[in-house]
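Sequence lines set the chain letters: A, B, ... in the order given, protein chains first and strands last, and positions in each chain run from 1. Quick note: numbers below take in every heavy atom, side chains included, and nothing from hydrogens, waters or symmetry partners.
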Protein chains: 2
Amino acid sequence: MTQPITETTVAELQSWLQVITHPKRLKIINLLMEGIQCNCEIGERLDMPRNLISHHMGILRQSGLVDVERDSADARWVYFTINQPALAQLRTLFDVVLNPARIQPRQPGCGPQSAPIEFVDAEPLPSA
Amino acid sequence: MTQPITETTVAELQSWLQVITHPKRLKIINLLMEGIQCNCEIGERLDMPRNLISHHMGILRQSGLVDVERDSADARWVYFTINQPALAQLRTLFDVVLNPARIQPRQPGCGPQSAPIEFVDAEPLPSA
DNA sequence: TGAACAGTTCAATCCAAATTGGATTGTATT
DNA sequence: AATACAATCCAATTTGGATTGAACTGTTCA
């Protein structure tokens, strides 16, 4: 059904999570989803200085999760929006890697239950 | 349909993400899902010293995402497993907060497009 | 032209969390 | 009883990213 989860799949998800997990950045994403896209209002709502907003926006932008657009009337203002294809990709990765259906029973590759087996097998044979 | 997303909803998701986002911890979770649950084998696979594994396991355990179980035959060994209800809760939170259907068009709460409106309204009235 | 403004960039500092080395706990084996 | 072992705990150190303050870019408006 689902493609196998490779190490790079996990690493990909990890780098997405790295971007969104920071408390302020997750709050920013939440505001963007609510339609708050003006830099200054985000600053007010989250009580952050402009340059710090800019810093986090740079990280969000670089990841591809957020797009920027300049105001057509006054080019000093910029608006940020969620990049929906990127969001969809993140959601898919999360869903695939953390899919509960993947969970397997224990593989006894080590521990006391894996090694002693040959010893138990060897014991009964001579007495029988 | 869906309940409103409060600030605490976002904060809850954030604290889950905080736990799973660390690269080594996400890899550990991935191994657990594959059925690798023996502490020593995790150490081998991820090339980490025991005490560091233990440290990260403590964080995973404390979050509720991972359970511990002692080996019934030899109580020195422990096995870790994914707590499925916790995983389900994490998945739900992620799905609800980052739901693309939530994305709203821009709310012009500030910026050059919000303030000038009253000026435009005031202009035509005297001439009419 | 120059003052005001939004946003960005840069260098320096700060800080919380990861990592490391070593001691400790508790169980199994001889 | 003594040794070996898995795991945990603890204090000290390291470190990567967040934060801060100030300078800089480009645009708008008087």
Asker: Got a sec, which pairs hit ring-ring contact (aromatic ring centres under 6.0 Å, His included) with one end in residues 25-54 of chain B, sequence neighbours left out?
Answerer: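 Residue pairs passing ring-ring contact (aromatic ring centres under 6.0 Å, His included), neighbours aside: none found.
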Asker: Please tabulate, for the side chains in residues 80-87 of chain A, all donor-acceptor contacts under 3.5 angstrom to protein atoms that are two or more places apart in sequence or on a different chain.
Answerer:
| residue | atom | partner | partner atom | Å |
| --- | --- | --- | --- | --- |
| Asn83(A) | OD1 | Ala86(A) | N | 2.9 |
| Asn83(A) | ND2 | Asp67(A) | OD2 | 3.2 |

Asker: Name all residues meeting the side-chain hydrogen bond (donor to acceptor under 3.5 Å, both in side chains) criterion together with His56(B); count only those two or more places apart in sequence or in a different chain, and write none if there are none.
Answerer: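 Listed in chain order: Arg25(B).
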Asker: Rounding to a whole Å, what distance do you find between Glu44(B):CD and dA7(D):C1'?
Answerer: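 Result: 16 Å.
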Asker: CG of Asp74(A) versus P of dA30(D): gap in Å, rounded?
Answerer: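 Distance, rounded to whole Å: 12 Å.
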Asker: Taking distance alone, no hydrogens or angles, what donor-acceptor pairs closer than 3.5 Å link side-chain atoms of residues 30-38 of chain A to residues at least two apart or in another chain?
Answerer:
| residue | atom | partner | partner atom | Å |
| --- | --- | --- | --- | --- |
| Asn30(A) | OD1 | Arg102(B) | NH1 | 2.9 |
| Asn30(A) | OD1 | Arg102(B) | NH2 | 2.9 |
| Gln37(A) | OE1 | Arg106(B) | NE | 3.3 |

Asker: Let me have a per-nucleotide readout for nucleotides 6-20 of chain C, 5' to 3', with B, S or -, counting only protein heavy atoms under 4.0 Å.
Answerer: SSBB--------SB-
Asker: Report, one line per pair, each donor and acceptor closer than 3.5 Å where one atom sits in a side chain of residues 59-66 of chain A; sequence neighbours left out.
Answerer:
| residue | atom | partner | partner atom | Å |
| --- | --- | --- | --- | --- |
| Ser63(A) | OG | Leu60(A) | O | 2.7 |
| Ser63(A) | OG | Leu65(A) | N | 3.2 |

